[in-house]
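Below you'll find the structure, written out as structure tokens, and then a few comments.
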Amino acid sequence: MQTTPMAPECGVEISGVALASCSDAEMQDIKNAIYEHGVAVFRDQEFSKEDHITFGKRWGGIDVNNYFPLTEDYAEIAVVKKDPDQTVNIGGDWHTDHSYDQIPAMGSVLVARELPPQGGDTMWAHMGAAYDALPQDLKDEIEGLEAFHTADHIYKADGLYAQTDMGRSLRGHDLKTGAVHPVVIRHPHTGRKLLYVNRAFTINIVGRTREESLPLLQRLYDAALTGDNECRLQWKPGTVAIWDNRTTWHNAMNDYQGHYREMHRITLSGEALAA
Ligand code: SIN
């Protein structure tokens, strides 16, 4: 396997491995690379829906997404799609998948199934590098804090998506979510400190109102994107990306209006997070 960095502090492209048939040793190397770099990209993969599920299960469990449409044949695979006439996409702002769960998904395996002629890239940002780059006074200010996360304002019947043309594609309008996590977590495998708030799902610092929390959250969101800790993937047929949700934020570009884009996502089960 060969690895090529995608950016100074985020992402790695891995070549010389077939995900559908990789050995246990290769799998361990892939996992370690993702824990460290946040996201790994694999090109020219032959990766059927069955391969996708089998590969996902090699990480442990699969968290079935409660909101996205699922493939007709497999509930484990969520369909992240946008029709040519839809203007709003899924995941079109910086976020961390499933941070609204008390045991959030460890990561995601995203497979390109149908791509627009151009555009539709995905970006990631490394939250370990983001934490490291914070000024010391800000690190001191967030030490020991916890934050509340939910998805209700986004997916419920009168939530953000329901007010757009993406609303018709989503499910789970009646679900109630809510979780509390440390603002700075330690990666369960590497022990690295990671900034764990995101502007899609983090509502408030525990013990403060939303209004009281916003100035601090906004300072963290502004500081979290440094340029060097961001990478961008231009998808091609056969591309698979696997990322660690604890280590990264991601953001799906919505710049292919009038074209269809379909991705298949498996969300990998995670573990409780600790400071
Ligand atoms: C997501 O998982 O948030 C969507 C990513 C993408 O469609 O590129």
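For the numbers below, each heavy atom of this structure counts, side chains included, while hydrogens, waters and symmetry mates do not. We count ligands from 1, going down the list as the structure has it; atoms in each ligand are counted the same way.
Summary of contacts: the protein heavy atom closest to atom 4 (C) of ligand 1 is V80 CG1, 4.0 Å. Of the protein's non-hydrogen atoms, the one nearest atom 8 (O) of ligand 1 is T122 OG1, 2.5 Å. Closest protein heavy atom to atom 2 (O) of ligand 1: R265 NH1, 2.8 Å.
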Open item on the list: Please determine whether side chain to side chain donor-acceptor pair (under 3.5 Å) holds for the pair H187 and D244, giving the CA-CA distance in whole Å, both sets of side-chain angles, and the decisive distance to 0.1 Å.
Closed with: CA-CA 10 Å; H187 191 279; D244 183 327; 2.6 Å; yes

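For L110, every heavy-atom contact with ligand 1 shorter than 4.0 Å involves the side chain, none the backbone.
The distance between the ring centers of F55 and F47 falls below 6.0 angstrom.
For the pair K81 and Y260, the cation does not sit on the ring face, since its NZ or CZ is not both under 6.0 Å from the ring centre and inside 45° of the axis.
Between atom 7 (O) of ligand 1 and the options M253, K81, H95, R261, the minimum heavy-atom separation is to R261.
Shown in contact with A252 at under 4.0 Å from a heavy atom are these atoms of ligand 1, numbered in order with element: 5 (C), 6 (C), 7 (O), 8 (O).
Take D97 and apply the side-chain hydrogen bond (donor to acceptor under 3.5 Å, both in side chains) test, not counting sequence neighbours, and it matches H95, S108, H250, R265.
For the 3.5 Å distance criterion, the side chains of N65 and T267 fail to qualify, holding no donor opposite an acceptor.
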